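This report refers to the structure that appears directly beneath it.
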Amino acid sequence: MSGLALVQLENGLANNAFQSAFQSSSEGLLITEQGRIAAANVAFVHLLGYERECDVVGQSLQDILPHSRSCAHLLGQGSQQACSNPVCECYVKRADGREVRVEATCNRFQSEGRELVFLRLRAAATDGDRRFRTIFDASAIGIAQCSLNGRLLDCNAALQRMLGYTGEELRGMDFRQFTHAEDFTAERKMLDEMMAGRRESYGFDRRYIRKDGSPAWGRLTVSVVRDVMGTPAFVIAMVEDITECKLTEQQLLAAQKMEAIGRLAGGVAHDFNNLLTGILLYCDLLHAGLPEGSPLRRHVEEVRMAGEHGAALTQQLLSIARKQIAQPRPLDLNEIVVSMSNMLKRLIGEHIELTNQLEPGLPPVMLDAAQFRQIVLNLVLNARDAMPQGGHIVLQTQNTPGLDPIRGGEVSLLVSDGGCGMDAATRSRLFEPFFSTKPEGKGTGLGLTTVYRIVKDNRGEIEVNSEPGCGTQVRVRFPGLPAQPATQPGVASGQRCILLVDDDAAVRDSACTVLSNAGFRVLQADSGEHAIELFSHHLGAIDLLLVDLLMPAMNGLEVARQLRLREPGLQVVYISGFDGVHATAAGPDLIRKPFNAAALVKRVTEMLQTLPPLKSEGSSLC
Ligand code: ADP
Ligand code: MG
């Protein structure tokens, strides 16, 4: 009977493909008719612990399904409708008498007028399997089972959360699809070594691409699982989401870089500023000493330009290291833009046109002039670099009156170019220290970092509009001040006496000459001790102490303190390079190195103007 049924059924199969599929399935498959097994595949035969199909075909289902623990439908006791459970759990009795729990799915169907039932059985998950699945799903670390060719077979919720895909989307995906391109080669190499048996596992920190395109960092450990013959069967990957850690690490690295630059800048700035101050002051003296129309004047101007460029670079580094001493005062932005025009034109070259569109009557802005020059310089240089073939840069100032007339509105500077523009990736990293798309030696990646810091330190805002091929507009905005009458510095008085103290001979000599040429009397000292000695000899004759803040034995603050013990009303101007602590203590009474002749005379004159009319005809000259 059973053999006949099987033969009949084989003949009824549509083709050999169905027969092969039926036989090779890893699930136990069988077809029953009137409660007897009419056909069974190898997996079912093995599940029951028999050797051959003919051992089970023909058997009654009731013989292998214990009554008390089976679905009525399977036993042919249910209604004619198929079982409503998609999957039933029941037990089958094996050849050795042991009962094994299985998951069963049954479908009834008709063929050539006969009622048949198609059954699929597989060993049910054990408690151990369930416990494992629960741990797998609840793990905070992402876990994936992958085929040997890199396709995901299964993954847990943590991995789905990390990558932003659902489990269904991930299943079947190639791991390359969410691997950052730059990490793929490294991973492929390690995977190949593992497959070749040269290593059992590997691990490294790598980047993933989430479904929304954003990057994520994962700490990955991959190991291969082998079958009893030692042949690789599948791969298990564990991924810890370390995106937050990486971001913090990057911020720390950036902070350390800044710290290193700060130290470096601080270390050289003091000496560098002294040199530049000497160069700039002597340039002014040389220039003044040359007859009008002398061709040598141009050479001196070149030297001065180079010196000023060096000074701007030092300030740039100091500003990034936050060691620059800002001296905000009410500024007319138009005035500064105009004063820079010639220098900017020379810097950008003849192939680029520079146009100023300056709104007249701008309210003043509280800013450090040197810092505002740095903003203009950096934005214009970037615009220049974006147009190697030439083009047009526009510098525009605008006043946007505020709603409240007392608080003033906003003053903005807009720098526009028609250059190469920027893509989203560049725009997102613009203000990052050391981010540059320019070739080595061309870009430092510090320009916009400086601009951003200055703008933020002065309660301003910065906006960048740019698209590839469509040029760039950078707008910086600052709060405007209510208009003020401009302060007129007074004319230098020849009757005043200045005690100049600086340990650097070049600064001292050049400053002394400039001040003397401006009509002041100057006493020079190369140390605090020397200054105190001179002060004692010229008691009552000195109107102003001009003293370097940072000197080896006695610093400028200490010199001033000691002299003020003798003459409490003594006016003091500190000369400062960068030293943050002392400069803060000195307050606003300082002049920053490097300075030029006009700035020095102006600062000294301003201080002396606050004094009552002359008190002495002092006797000493430098
Ligand atoms: P650097 O000029 O030294 O590269 P910056 O901080 O000034 O550093 O600028 C960073 C990057 O921003 C530049 O390398 C460039 O890619 C981009 N960038 C800045 N300004 C412009 C601009 N006007 N047009 C196109 N790209 C710009
Ligand atoms: Mg730049």
Side-chain angles (χ1 to χ4, degrees), residues 250-251 253-255 257-258 260-262 264-265 308-322 324 336-337 340-341 343-349 351-357 370-398 412-458 460-477:
Q250 279 163 2
Q251 279 162 1
L253 275 179
K257 266 192 207 169
M258 297 306 289
I261 290 206
L264 192 70
E308 276 171 358
H309 196 191
L313 277 177
T314 320
Q315 293 312 317
Q316 184 127 317
L317 280 174
L318 290 176
S319 138
I320 286 168
R322 286 190 187 265
Q324 188 188 43
I336 300 203
V337 172
M340 293 180 76
S341 293
M343 187 263 289
L344 292 176
K345 280 183 182 152
R346 291 184 57 164
L347 276 179
I348 58 179
H351 62 308
I352 295 178
E353 198 187 332
L354 179 73
T355 312
N356 290 344
Q357 292 176 359
Q371 289 191 335
F372 183 66
R373 277 192 209 100
Q374 278 180 21
I375 294 180
V376 178
L377 192 67
N378 279 306
L379 297 183
V380 169
L381 289 181
N382 280 347
R384 173 198 70 180
D385 293 345
M387 300 188 293
Q389 310 301 330
H392 193 180
I393 302 176
V394 181
L395 285 180
Q396 205 177 346
T397 55
Q398 277 171 346
S412 60
L413 168 79
L414 182 70
V415 181
S416 319
D417 66 63
C420 59
M422 292 174 250
D423 57 16
T426 305
R427 285 198 307 270
S428 69
R429 300 187 58 193
L430 273 187
F431 304 120
E432 228 175 73
F434 307 107
F435 171 75
S436 176
T437 57
K438 297 174 190 171
E440 195 139 339
K442 287 264 180 203
T444 57
L446 293 175
L448 288 177
T449 314
T450 313
V451 172
Y452 183 84
R453 181 152 295 168
I454 296 174
V455 169
K456 287 293 166 192
D457 284 352
N458 289 282
E461 294 294 338
I462 180 161
E463 290 156 28
V464 179
N465 276 312
S466 184
E467 286 299 332
C470 299
T472 300
Q473 294 86 45
V474 184
R475 182 188 294 276
V476 289
R477 298 185 275 132

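Every number for a ligand or one of its atoms is a count from 1 in the order of the listing. All values derive from a computational prediction rather than experimental measurement. When a residue number appears, it is its place in the shown sequence, counting from 1.
Between the side chain of Ser412 and the backbone N or O of Arg475, no donor-acceptor pair lies under 3.5 Å. Checked by atom type and distance alone, the side chain of Arg384 never pairs as donor or acceptor with a backbone atom of Ile352 at under 3.5 Å. A donor-acceptor distance shorter than 3.5 angstrom exists from the side chain of Asp417 to the backbone of Thr472, with no hydrogens or angles considered. Ser416 places no side-chain N or O within 3.5 Å of a backbone atom of Ile393 that could act as its donor or acceptor partner.
Checking each of Leu430, Leu379, Leu413 against Val474 for a side-chain contact (heavy atoms from CB on, under 4.5 Å) leaves exactly one that passes, namely Leu379. None of Leu347, Leu344, Val376 except one satisfies the side-chain contact (heavy atoms from CB on, under 4.5 Å) rule with Leu381; the exception is Leu347.
The parts of Thr437 lying near ligand 1 are both backbone and side chain, judged by heavy-atom distances below 4.0 Å. By the criterion of a heavy-atom distance under 4.0 Å, the side chain of Asp417, and not its backbone, is placed next to ligand 1. With a heavy-atom cut-off of 4.0 Å, Asp385 does not touch ligand 1 at all. At a 4.0 Å heavy-atom cut-off, ligand 1 touches Ser436 through backbone and side chain alike.
For atom 22 (C) of ligand 1, the closest non-hydrogen atom on the protein side is Thr472 OG1, 3.7 Å. Distance from atom 5 (P) of ligand 1 to its nearest protein heavy atom, with residue and atom name: Leu448 N, 3.6 Å. The protein non-hydrogen atom at the shortest distance from atom 8 (O) of ligand 1 is Gly445 CA, 3.2 Å.
The structure places CD of Gln357 at 9.0 Å from CG of Leu414, a figure rounded to the nearest 0.5 Å.
The shortest N/O to N/O separation between Lys438 and ligand 1 falls below 3.5 Å. Taking only nitrogen or oxygen atoms, main chain and side chain alike, Met422 does not reach within less than 3.5 Å of ligand 1. Residue Thr426 places no N or O, backbone or side chain, under 3.5 Å from any N or O of ligand 1.
Counting the atoms of ligand 1 from 1 in the order shown, those under 4.0 Å from a heavy atom of Phe435 are 8 (O), 10 (C). Ligand-side atoms of ligand 1 in range of Gly447: 5 (P), 6 (O), 7 (O), range being under 4.0 angstrom from any heavy atom.
Taking 2.8 Å as the threshold, Asn378 does not count as a candidate ligand of the Mg ion (ligand 2), since none of its N, O or S atoms lies below it.
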Open item on the list: Applying side chain to side chain contact (heavy atoms under 4.5 Å, CB included) to Thr437 and Met422, what does each step give before you reach the verdict?
Closed with: CA-CA 10 Å; Thr437 57; Met422 292 174 250; over 6 Å; no

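With Leu379, Asn382, Val451, Leu446 as candidates, the residue nearest to atom 7 (O) of ligand 1 on a non-hydrogen basis is Asn382.
Taking 4.0 Å as the cut-off, Gly419 does not count as a neighbour of ligand 1 on heavy-atom distance. In this structure, Leu430 is part of the shell of residues with a heavy atom less than 4.0 angstrom from ligand 1.
Counting only N and O atoms by type, the side chains of Asn378 and Thr450 include no donor and acceptor under 3.5 Å apart.
In Tyr452, the OH atom is not crowded: 12 or fewer heavy atoms of neighbouring residues, nucleotides or ligands sit closer than 6.0 Å.
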